[in-house]
*Asks:* 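Below are the structure tokens for one structure; questions will follow.
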Number of protein chains: 2
Amino acid sequence: MPSTRLPILSMRQQICDALRGEIMAGEISFNQPVREQNLAKRFGVSRNSVRDALLQLSQEGVLIYSPNCGVRVSSPPTQKESKLYAKLRREIEIHSLEIAWSSWTKEDDGNLNRLQRILSVACEQQDLKAITETDLAMHRYWVSKASKELESVWLGITVRMLIAYSQLDNYMQCCLEHAAIVEAIACRDLSAAKKAVELNIRSK
Amino acid sequence: MPSTRLPILSMRQQICDALRGEIMAGEISFNQPVREQNLAKRFGVSRNSVRDALLQLSQEGVLIYSPNCGVRVSSPPTQKESKLYAKLRREIEIHSLEIAWSSWTKEDDGNLNRLQRILSVACEQQDLKAITETDLAMHRYWVSKASKELESVWLGITVRMLIAYSQLDNYMQCCLEHAAIVEAIACRDLSAAKKAVELNIRSK
DNA sequence: AACAATCATATTGTCGACAATTATACAATT
DNA sequence: AATTGTATAATTGTCGACAATATGATTGTT
């Protein structure tokens, strides 16, 4: 239910978001080549637009690009890499919370609440793809508010970390953890918010 | 002086590297719009190839992209952001050194030595652009060897951190610090190498 | 049968042209 | 004078076609 965004998403962004979601949900197997032509036909656009999207996803680390050979879904991170990613993510998000804190508005609260409700429904229905997407969107919200430049760095790390998040042990816990974050923010309790975020970000 | 790479660089990569170098050396002022047409004419290629490069640089955080409005050079990071970037970089590079360590070869030593010589000359001549480029290439070497996926994350952070590195207080110190890193690696002293890298990566 | 060279096919890379959008300059209205 | 509306120019977004490259099959030679 995209309700608030005024800026119309570009074609590239739409394709990016769609593919990223599928890949993160594990719907495309690792090392399987992704063909431009197929996607162009599927989305009803030219190969050029697809290329743009694939290039962006390569830069994000979701896809691996080999010149003249196209792209493939990148392999999931090793355990050690996952731990590193989690650490980096925590540091970026904590920093972002601090930066965004001073300009946080009631509207931001509303937007987070809306995402939280979506997450809640997704957890009840055990819709893994929706959970992953909404989870991403929530965290992205405060990072994006803090800095657009940081956002792209953060996205690369987080997406890599969440690739093949497939088996989520406890859907309810995911929902509760995010509720805790949203509430801490709503109460303007920065240190509680930071702590809640830190708890939520961990390598499996 | 690109001397060693066997794989032919794609047009996009060439344009990316050229622009990234110029931006990092501060040759294009902040918030100045970058026009596709001009670049296409300058590099003697079609606008499409330029677009690919601009898109990639946007994803790296060097350029800021606004739909239908093109790109502009992104503003330099705040002091607080610089400190965060430095921290993230240290963690990624330390991790990379550990990972790359087991498969490190004499050829790698040779490649690093070659870069170190280039850096040395650049420092003597006080060629800031060459210094920045070579500095980047050296660090990139071990990160890239550890993981292609990590490399793209690392590049985004590092490039943002080095934007407008312009005033480098002490050229000789830069050269010496990197010499220490190379030597520690050559001696296969991991902990010394890690320490040398940590010392070298700092926010100004 | 094993290997090398050659050809055919599929896929990516590049290009120029046109459509859609945005920014700018200028006139019209209050 | 300030604001709104309109036409013009500049810029980005999208497309289809062709060139360059890689992949896979076929043939020819030993």
Side-chain angles (χ1 to χ4, degrees), chain A residues 2 5-20 22-23 28-75 148-149 152, chain B residues 2 5-20 22-23 28-75 148-149 152:
Chain A
R5 293 275 183 81
L6 277 161
I8 299 166
L9 290 175
S10 69
M11 205 64 234
R12 163 170 76 246
Q13 211 54 46
Q14 289 182 47
I15 298 175
C16 265
D17 292 342
L19 286 181
R20 192 190 300 113
E22 290 175 19
I23 293 169
I28 305 178
S29 60
F30 303 126
N31 299 324
Q32 174 181 330
V34 179
R35 297 302 175 197
E36 299 179 355
Q37 198 88 269
N38 302 342
L39 294 175
K41 201 160 22 173
R42 177 181 148 197
F43 286 102
V45 297
S46 82
R47 250 187 60 224
N48 234 320
S49 305
V50 172
R51 272 176 68 79
D52 282 2
L54 294 184
L55 180 58
Q56 176 163 341
L57 290 175
S58 302
Q59 204 57 28
E60 283 180 14
V62 179
L63 296 173
I64 298 294
Y65 169 87
S66 310
N68 289 311
C69 297
V71 297
R72 58 181 172 77
V73 176
S74 80
S75 326
K148 293 291 173 192
E149 288 88 354
S152 72
Chain B
R5 292 276 180 78
L6 274 162
I8 299 167
L9 290 174
S10 69
M11 204 65 234
R12 164 172 72 245
Q13 210 54 45
Q14 288 182 47
I15 298 174
C16 266
D17 291 342
L19 286 180
R20 191 191 300 114
E22 290 175 20
I23 294 169
I28 305 178
S29 61
F30 303 125
N31 297 324
Q32 175 181 330
V34 179
R35 297 303 175 195
E36 299 180 353
Q37 198 87 270
N38 302 342
L39 294 176
K41 202 161 19 173
R42 176 181 149 198
F43 287 103
V45 297
S46 82
R47 249 186 64 224
N48 234 320
S49 305
V50 172
R51 272 177 67 79
D52 282 1
L54 294 184
L55 179 60
Q56 175 163 343
L57 289 175
S58 303
Q59 204 56 29
E60 283 179 15
V62 179
L63 296 173
I64 298 293
Y65 168 88
S66 309
N68 288 312
C69 299
V71 296
R72 59 182 171 77
V73 176
S74 79
S75 328
K148 293 290 173 192
E149 288 87 356
S152 71

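Letters A, B, ... mirror the listed sequences (proteins, then strands); counts begin at 1.
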*Asks:* Protein-nucleotides 16-18 of chain D N/O pairs closer than 3.5 Å?
*Replies:*
residue	atom	partner	partner atom	Å
D:dG16	O6	A:N48	ND2	3.2

*Asks:* Take B:R72 and B:L63 through the side chain to side chain contact (heavy atoms under 4.5 Å, CB included) test and state the conclusion after the steps.
*Replies:* CA-CA 6 Å; B:R72 59 182 171 77; B:L63 296 173; over 6 Å; no
*Asks:* At less than 4.0 Å, is any side-chain N or O atom of B:S49 found next to OP1 or OP2 of C:dC15? Yes or no.
*Replies:* yes
*Asks:* May I ask you to establish whether B:R51 and B:Y65 are in a cation-pi arrangement, using a distance under 6.0 Å from NZ or CZ to the six-membered ring centre and at most 45° from the ring axis?
*Replies:* no
*Asks:* 5'-most contact on DNA chain D: A:D52 or A:N68, nearest heavy atom basis?
*Replies:* A:D52
*Asks:* For B:L55 and D:dT11, give me the distance from atom CG to atom C1', rounded to whole Å.
*Replies:* 17 Å
*Asks:* Write down the atom of A:I15, the atom of A:V45, and the distance for their closest heavy-atom approach.
*Replies:* CD1-CG2, 4.0 Å
*Asks:* Report yes if a side-chain nitrogen or oxygen of A:R12 is closer than 4.0 Å to either non-bridging phosphate oxygen (OP1 or OP2) of D:dG13; otherwise report no.
*Replies:* no
*Asks:* Among A:I64, A:I23, A:L54, which residue meets the side-chain contact (heavy atoms from CB on, under 4.5 Å) test with A:V34?
*Replies:* A:L54
*Asks:* Closer than 4.0 Å, any side-chain N/O of A:R51 to the OP1 or OP2 of C:dG13?
*Replies:* yes
*Asks:* Check whether B:S66 reaches the backbone of B:C69 with its side chain - one donor and one acceptor, N or O, closer than 3.5 Å.
*Replies:* no
*Asks:* Please report the distance, rounded to the nearest Å, between CG in A:L54 and C1' in C:dG13.
*Replies:* 14 Å
*Asks:* Considering the options A:R47, A:R42, A:K41, which one meets the salt bridge (charged side-chain N to carboxylate O under 4.0 Å, His left out) requirement together with A:E36?
*Replies:* A:R47
*Asks:* Could you tell me the separation between the CE atom of A:M11 and the P atom of C:dT21, rounded to a whole number of Å?
*Replies:* 13 Å
*Asks:* Rounded to whole Å, please give me the gap between CZ in B:R72 and P in C:dT22.
*Replies:* 17 Å
*Asks:* Do B:S29 and B:Q32 pair up side chain to side chain, a donor and an acceptor below 3.5 Å, judged on atom types alone?
*Replies:* yes
*Asks:* Tell me the interatomic distance from B:N38, atom CG, to D:dT12, atom C1', rounded to whole angstroms.
*Replies:* 13 Å
*Asks:* Is the shortest side-chain N/O distance from B:Y65 to OP1 or OP2 of D:dT11 below 4.0 Å?
*Replies:* no
*Asks:* Using atom CD of A:Q37 as one end and atom P of D:dA22 as the other, report the distance to the nearest whole Å.
*Replies:* 19 Å
*Asks:* Rounded to whole Å, how long is the line connecting atom CG of A:L39 with atom P of C:dT11?
*Replies:* 12 Å
*Asks:* Within this structure, what is the NZ-to-P distance between B:K41 and C:dC15, rounded to whole angstrom?
*Replies:* 16 Å
*Asks:* So A:V34, base contact, sugar-phosphate only, or nothing? Heavy-atom distance under 4.0 Å.
*Replies:* sugar-phosphate
